[in-house]
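The structure displayed is predicted, hence computed values, not measured ones. Remember, it's 1-based here, ligands and their atoms both numbered in the order they're listed.
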Amino acid sequence: MDTSFKVAPSILSADFSNLGDEIKKLNETDCDFIHIDVMDGHFVPNLTIGPDVIKSIRSLTNKVFDVHLMMDPVKKYLKDFIKAGADILTVHHEISEDSLECLKEIKRNNILAGISIKPSTPSSQVIKYLEYVDLVLVMTVEPGFGGQKFLNSQIPKIEEIKKMTENKNINIEVDGGITIENARLVKDAGANILVSGSTIFSKKNYSQIIDNLRMA
Ligand code: DX5
Ligand code: ZN
C-alpha cells in the first residue's frame, strides 16, 4: 500500500439506524478508507459490530474496509472478517494470543495487516512486527469509545515509529480524538492515515470535513 496521506472515517460515530445510508454518503466523499471498529466487551469495555454487519455493507461501496479488531481472542475470527470483505485487518499488540501469528495468518490470506498499540504501550514494542505489517496504528485515546480527548502524550511515540519505519513501505495510522486543530500536529509527527469518528459524523457535510482534515 502506498504511504500517501489518507483519511479514514470511523463509522463508530455513524447513525447505526441508517448504516446503509451512512456508507453510501461516505462512498460519495473522497475518503480513502472506511474504518470499522470491532469491540468485544472483553479486550475493551464496549461491544460493537461483527462480520455479518461488515458483510451486509460490503456491496454498498468499493472503499477500502479498514477493520480495527479490539478483540481478544481474535485469531479464530480472522477468517470470518476476511470472508466478510475486510481489506485491512489490524490486531492489537496487547492481546493474550500471539499477535505475530495473527499477522502471519492475515498476510497468508493476501490482505493488508496492521498492528495497533494502546497509549501505555511503548513504541519499541512494534519493532518485532515491522517485517509483517502494512501499517502501525497508534491509539491516541484509550480504545473503547468514540468522542474522547486526544492524548498529546502520544506525539513522541508517532515520531519514534516514523523513524523506525523510514525507508519501509509502512503506513502510520492515528486513531482517537482527531480534530481539525490537532490534525497538523499528528501529520508533522509522521502519521499518514488519520482516523476520525466524531469530528466527521458531527457535521452534515462529510466531504467538507474530510477535505479539511486532508488539508489541515
Ligand atoms: C476507539 C476507536 C476509534 C474511534 C475514534 O476505540 O478505535 O476508531 O471511533 O473516534 P473519535 O474520532 O471520535 O475519537
Ligand atoms: Zn479504531
Within-shell test, F150 vs ligand 1, heavy atom, strictly < 4.0 Å: no
Nearest-neighbour protein heavy atom for atom 5 (C) of ligand 1, which is reported as residue plus atom name and distance: D175 OD1, 3.5 Å
Atom 1 (C) of ligand 1 [closest protein heavy-atom partner, distance rounded to 0.1 Å]: F145 O, 3.6 Å
Closest non-hydrogen atom pair, S10 against V195: CB-CG1, 3.8 Å
contact_flag V195 ligand 1 heavy-atom lt 4.0 Å: yes
Atom 6 (O) of ligand 1 [closest protein heavy-atom partner, distance rounded to 0.1 Å]: G144 N, 2.8 Å
Atom indices of ligand 1, in the order listed, that fall short of 4.0 Å to a heavy atom of G147: 11 (P), 13 (O), 14 (O)
Contacting atoms of ligand 1, where contact means under 4.0 angstrom from a heavy atom of M39: 6 (O)
Atoms in ligand 1 flagged as close to M139, the criterion being non-hydrogen separation under 4.0 Å: 6 (O), 7 (O)
Donor + acceptor pair across side chains of E28, S207 (<3.5 Å): no
Note, R214 side chain near K6 side chain (heavy atom, < 4.5 Å): no
Test of proximity, S10 against ligand 1: N or O pairs below 3.5 Å: yes
Side chain to side chain donor-acceptor pair (under 3.5 Å) between H35 and D175, intermediate numbers included: CA-CA 10 Å; H35 185 85; D175 185 6; 3.2 Å; yes
Proximal ligand 1 atoms for G176, defined as those under 4.0 Å from one of its heavy atoms: 14 (O)
Cluster link F33 to V7, ILVMFWY, side chain under 4.5 Å: no
Mutual orientation of the aromatic rings belonging to H68 and H92 [parallel < 30°, tilted 30-60°, perpendicular > 60°]: parallel
E159 vs K162, salt bridge (Lys or Arg N to Asp or Glu O under 4.0 Å): CA-CA, chis, key distance, verdict: CA-CA 5 Å; E159 290 168 346; K162 176 70 183 169; over 6 Å; no
Under 3.5 Å: N/O of G146 near N/O of ligand 1: no
N171 and its side-chain hydrogen bond (donor to acceptor under 3.5 Å, both in side chains) partner, picked from T165, D134, T3, N192: N192
Distance-only N or O hit between ligand 1 and S196, under 3.5 Å: no
Enumerated ligand 1 atoms positioned under 4.0 Å from heavy atoms of H35: 8 (O)
N or O contact, Q148 vs ligand 1, cut-off under 3.5 Å: no
Close-contact set for ligand 1 against M70 heavy atoms, below 4.0 Å: 6 (O), 7 (O)
Identified side-chain hydrogen bond (donor to acceptor under 3.5 Å, both in side chains) partner of S123 from the options E160, Q154, K163: E160
Between CD1 on residue I82 and CG on residue N110, distance to nearest 0.5 Å: 9.5 Å
Apex the Zn ion (ligand 2); atoms H68 ND1 and H35 NE2; angle rounded to 10 degrees: 100°
Polar side chain donor-acceptor pair, D72 to S96, under 3.5 angstrom: yes
Salt-bridge criterion met for K25 and D21 (N-O under 4.0 Å): no
Ligand 1 to S198 polar contact by distance, N or O atoms, under 3.5 Å: yes
Distance filter under 4.0 Å to H68 heavy atoms, resulting ligand 1 atoms: 7 (O)
Which of the ligand 1 atoms, numbered from 1, are nearer than 4.0 Å to a heavy atom of P143: 6 (O)
For the Zn ion (ligand 2): the N/O/S atom of D175 at shortest distance: OD2
Atom nearest to the Zn ion (ligand 2) - D37, N, O or S atoms considered: OD1
K107 to Y132, cation-pi by 6.0 Å centre distance and 45° axis angle: no
Path from I178 to V136 over hydrophobic side-chain contacts below 4.5 Å: yes
Nearest protein heavy atom with distance in Å, relative to atom 12 (O) of ligand 1: G197 N, 2.8 Å
Polar contact flag for G177 and ligand 1 (N/O pairs, less than 3.5 Å): yes
